[in-house]
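As structure tokens, the structure follows; a few thoughts come after it.
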Amino acid sequence: MTTHLSGPELERVSAGGEPPPHAAACDDCAARVAAIADARAGYLAAHPPDELVRAVRARVDRRRRARFGSRGTVAVGLACALAAGALLFVRPRGEAPAIRTRGPAIAFTTYVRRGGETFAASDGQALRPGDRLSFAYAAPDARRLLLLGIDDSGTISRYAAGAALAAGRGQLPVGLRLDARRGEERLVAVFARGDQDEDAVREALADALAAARAGGGGIGDMHLELSDDHATIWFRKP
Amino acid sequence: MGDRELAALYERCGFALYRRCLAYLGSESEAQDAVQEVFARAVEAAPRYRPEADPAAWLRQIADHLCIDLLRRRRRNPVRGDASDEVRAGDALDRFTAPSGEHLVLAHRLIASLEPEAARLAVLYFLDGMTQEELAVETGLSRRTIGKRLQAIVSAAHTLIATPEPGT
């Protein structure tokens, strides 16, 4: 069976990489490599490397300055969030990310019990092995719960699936005791109106972590796209 | 990452990334902007980069996730820019993609019709020529899921091939 060069192989060879034996024996692949090399030269002439380097440095510097300048604002925002009890509000399906305080949104709060103390957890909070987590919610109508977690090794754990949640305020019928493993974990509570597709949620979690990692981030930078209402929180065990 | 290292990486991978972003986004200016953003993210993530990994594969992955995010945003805010910047057969794609420009035009039309997650599969399958096994490893999805999703993508491709491009 003839196996022509794959897209990345064509690009690699056209950029001067060592050609595999097939490239020398296949006129079609050799022609494609030559044509891509020509087109590549045209592209680099139109967009030279020094231009790219300047543009990239300007972007990185701009972002660095913006991050440095916004630290005070972030600190104030974090203080407000903690004062408000760190309520995480669920995004309704199909809408842009937003904090909602009224309407059909579902409110979700994670509480930490450590020794005799109980406090509301916030995103990125440092927790300890042995801490016990419980979850409060408020829903406008009856839902079914799926609670999954993904840690920084990419392992996904199921903590609850299919539990019926009544409308109104209540506590999730599941509590967690944190084990001794160090690292980061993100919990996702899905509040479905109908049947739940756990496979789809697992895939979305894995994809979101892969995307965050590709962008140089991790558990704290995940952007989840789910069709059902959901809430999410992440924590660290340093 | 120093300037010389960055320039060398761009000379090696920049054009391939541009073609890839063009297939996703269908606009020259957006694709070139995306290439700059890919390298900016690479510079920022360089301290966490594992030297044993292939930098071209690493940059491709950054480009895929960036373009999928841009497609998602586009779906949420479907405001189009300057229509003259949109890709048409014989325009930007042919200029920088011969001899496979025709395939890339078709790939872009297909990608534009797909959900963002499916768009990445289409790029890996059509542009990169990955097998189902390679796709399963690359995406972390099961072979069965890959098979089902590819079947839907190939059906969409067949429909596109049978449908004339708008304006032609």
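Convention: sequence-line order gives letters A, B, ...; per-chain numbering from 1.
B:Leu141 CG to A:Asp207 CG: the interatomic distance, rounded to the nearest 0.5 Å, is 5.5 Å. The OH atom of B:Tyr10 lies 9.5 Å from the CG atom of A:Asp50; values are rounded to the nearest 0.5 Å. Note that NE2 of A:His223 is 6.5 Å distant from CG of B:Asp69, once rounded to the nearest 0.5 Å.
Between chain B and the options A:Arg202, A:Glu203, A:Arg213, heavy-atom pairs under 4.5 Å are most frequent for A:Glu203. Taking B:Arg60, B:Arg41, B:Arg120 one by one and counting their heavy-atom pairs under 4.5 Å with chain A, the maximum is reached by B:Arg60. Contacts with chain A were tallied for B:Val38, B:Asp33, B:Ile68; B:Asp33 has the most, counting heavy-atom pairs under 4.5 Å. The candidate with the highest count of non-hydrogen atom pairs below 4.5 Å against chain B, out of A:Ala58, A:Pro49, A:Ala55, is A:Pro49. Heavy-atom pairs under 4.5 Å with chain B were tallied for A:Ala210, A:Gly154, A:Ala206; the largest tally goes to A:Ala210.
With a threshold of 4.5 angstrom between heavy atoms, B:Glu37 approaches chain A through its backbone and through its side chain. For A:Ala211, the parts lying under 4.5 angstrom from a heavy atom of chain B are both the backbone and the side chain. Contact of A:Arg54 with chain B is not made at all, since no heavy-atom distance falls under 4.5 Å. With a 4.5 Å cut-off on non-hydrogen atoms, B:Thr145 touches chain A through its side chain but not through its backbone. When heavy atoms are compared at a cutoff of 4.5 Å, B:Ile62 approaches chain A by way of both its backbone and its side chain.
When all heavy atoms of B:Arg19 and A:Ile36 are compared, the closest pair comes out as NH2-CD1, 4.2 Å. Here the shortest heavy-atom pairing between B:Phe39 and A:Val56 reads CB-CG2, 3.7 Å.
A:Arg40 places no side-chain N or O within donor-acceptor distance of the main-chain N or O of B:Ala16, the cut-off being under 3.5 Å.
Within a 6.0 Å radius of CZ in A:Arg181, more than 12 heavy atoms belonging to other residues, nucleotides or ligands are found. Under a cut-off of 6.0 angstrom, the local environment of CD in B:Gln151 is sparse, with at most 12 non-hydrogen atoms contributed by other residues, nucleotides or ligands.
With hydrogens and angles left out, the side-chain atoms of A:Tyr43 and B:Gln32 include a donor and acceptor closer than 3.5 Å.
Listed by chain and residue number, A:Leu145, A:Pro173 satisfy the side chain to side chain contact (heavy atoms under 4.5 Å, CB included) test with A:Ala163 (two or more places apart in sequence, or in another chain).
Contact annotation: the side chain of B:Val43 never approaches that of A:Arg59 to less than 4.5 Å [non-hydrogen atoms, C-beta and beyond]. At a threshold of 4.5 Å between non-hydrogen side-chain atoms, the residues B:Asp3 and A:Arg57 count as touching.
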